[in-house]
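Down below is the structure, laid out as structure tokens.
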2 protein chains.
Amino acid sequence: MVVESDDTDRLFHALADGTRRDILRRSVRGELSVSQLAAAYPMSFAAVQKHVTVLERAGLVTKERRGKEQLVRTDPDAVRRARTALEQLEATWRGRVDRMSQVLSRTSATVEDTPNERTDR
Amino acid sequence: MVVESDDTDRLFHALADGTRRDILRRSVRGELSVSQLAAAYPMSFAAVQKHVTVLERAGLVTKERRGKEQLVRTDPDAVRRARTALEQLEATWRGRVDRMSQVLSRTSATVEDTPNERTDR
DNA sequence: CTAACGTAAAACCAAATGGTTGTAGAAAGC
DNA sequence: GCTTTCTACAACCATTTGGTTTTACGTTAG
């Protein structure tokens, strides 16, 4: 049942950093290696590498090896998915929810889980 | 110059948590107090209160005092702003950037800063 | 072959995050 | 008035985050 939650967490968390958003912008054409990207920021190579990893785990970016180097390419579809997550959130209070979730449950479980009511206290 | 960066950080960070996204969903009608919200989650009142604060600092939610209690209301416009931030990100690699930033600079500075190139190394 | 480059991964550190409990004040109910 | 309810805030704690440096390894260039 819990499917979208962690994915969405990773997605928005990855977007919640200016350097990472900038990496996304620069990597659309998929021509830049991690080192080339790293040269663009006032931090170590390792730090940029970590940012790329965060973007990768969020599905926002893919890496393609070309010989020595690793080319970073942003997945435009993943960014669209982020927008979709927001639109779905908005849809919740615009009444389109029922039809939405019907469609979604037909294809794959992408409806976010709702935290349990607390039983103790 | 740096205007959108921190705001966007806060915005996406606030969205990067399932409990907070759920609070957003529940608070559209603006009828629920912090305690009422807190009762819905398996964590302490203080924890939920902190989540509401995060949403508030991100501009996603406002609080309105009604006597003893504080009613939470999500600002649908703020969620639209989040979507706009993503659309702007996508616009970067779709050529609409130039016209976009022209329009934006005319109204208010909402263009995100770009981290400096590193000078040392 | 050897040197240089690009990447990966580990160890470490300070600061932020997400949770807890406890204390205190303001409003409402009895 | 007194008690209860709701809120706010502080102090504390464990984990995560975002950065560092160092070491190791594969690939390319001389």
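First the proteins, then the strands, lettered A, B, ... as listed; each starts at 1.
- Note on residues 27-54 of chain B: pairs passing salt bridge (Lys or Arg N to Asp or Glu O under 4.0 Å), not counting sequence neighbours, are B:R29-B:E31.
- Every side-chain hydrogen bond (donor to acceptor under 3.5 Å, both in side chains) that B:R10 has, sequence neighbours left out, goes to B:D7.
- Applying the salt bridge (Lys or Arg N to Asp or Glu O under 4.0 Å) test to residues at least two apart or on different chains, the pairs with a partner in residues 72-82 of chain A are A:E64-A:R73, A:D77-A:R80.
- Linking ILVMFWY side-chain heavy atoms closer than 4.5 Å, directly or via other members, places A:Y41 and A:L71 in two distinct hydrophobic clusters.
- A search for salt bridge (charged side-chain N to carboxylate O under 4.0 Å, His left out) contacts involving B:R57 returns nothing, not counting sequence neighbours.
- Of the residues in residues 48-55 of chain A, those placing a heavy atom less than 4.0 Å from an atom of DNA chain D are A:K50, A:H51, in numerical order.
- Listed pair A:S33 / C:dG6 fails the phosphate criterion, with no side-chain N or O lying under 4.0 Å from OP1 or OP2.
- A straight line from CG of A:L15 to P of D:dG18 spans 12 Å, rounded to a whole angstrom.
- Every side chain to side chain contact (heavy atoms under 4.5 Å, CB included) that A:A47 has, sequence neighbours left out, goes to A:M43, A:S44.
- If you check C:dT20, C:dA8, D:dT17 against the side chain of A:F45, the one that comes closest is C:dA8.
- Scanning residues 59-71 of chain B for heavy-atom distances under 4.0 Å to DNA chain D yields B:K63, B:R65, B:K68, B:E69, B:Q70.
- With sequence neighbours excluded, no residue satisfies salt bridge (charged side-chain N to carboxylate O under 4.0 Å, His left out) with A:R20.
- D:dT15 atom P lies 18 Å from atom CG of B:D17, rounded to whole Å.
- Under the rule for a side-chain hydrogen bond (donor to acceptor under 3.5 Å, both in side chains), the partners of A:Q36 that lie at least two apart in sequence or sit in another chain are A:S33.
- Residue A:R57 contributes atom CZ, which lies 11 Å from atom C1' of D:dT16 at whole-angstrom precision.
- Per the geometry, CE belonging to B:M43 stands 16 Å off C1' belonging to C:dT21, to the nearest Å.
- The distance from atom NE2 of B:H13 to atom C1' of C:dG18 is 9 Å, rounded to the nearest whole Å.
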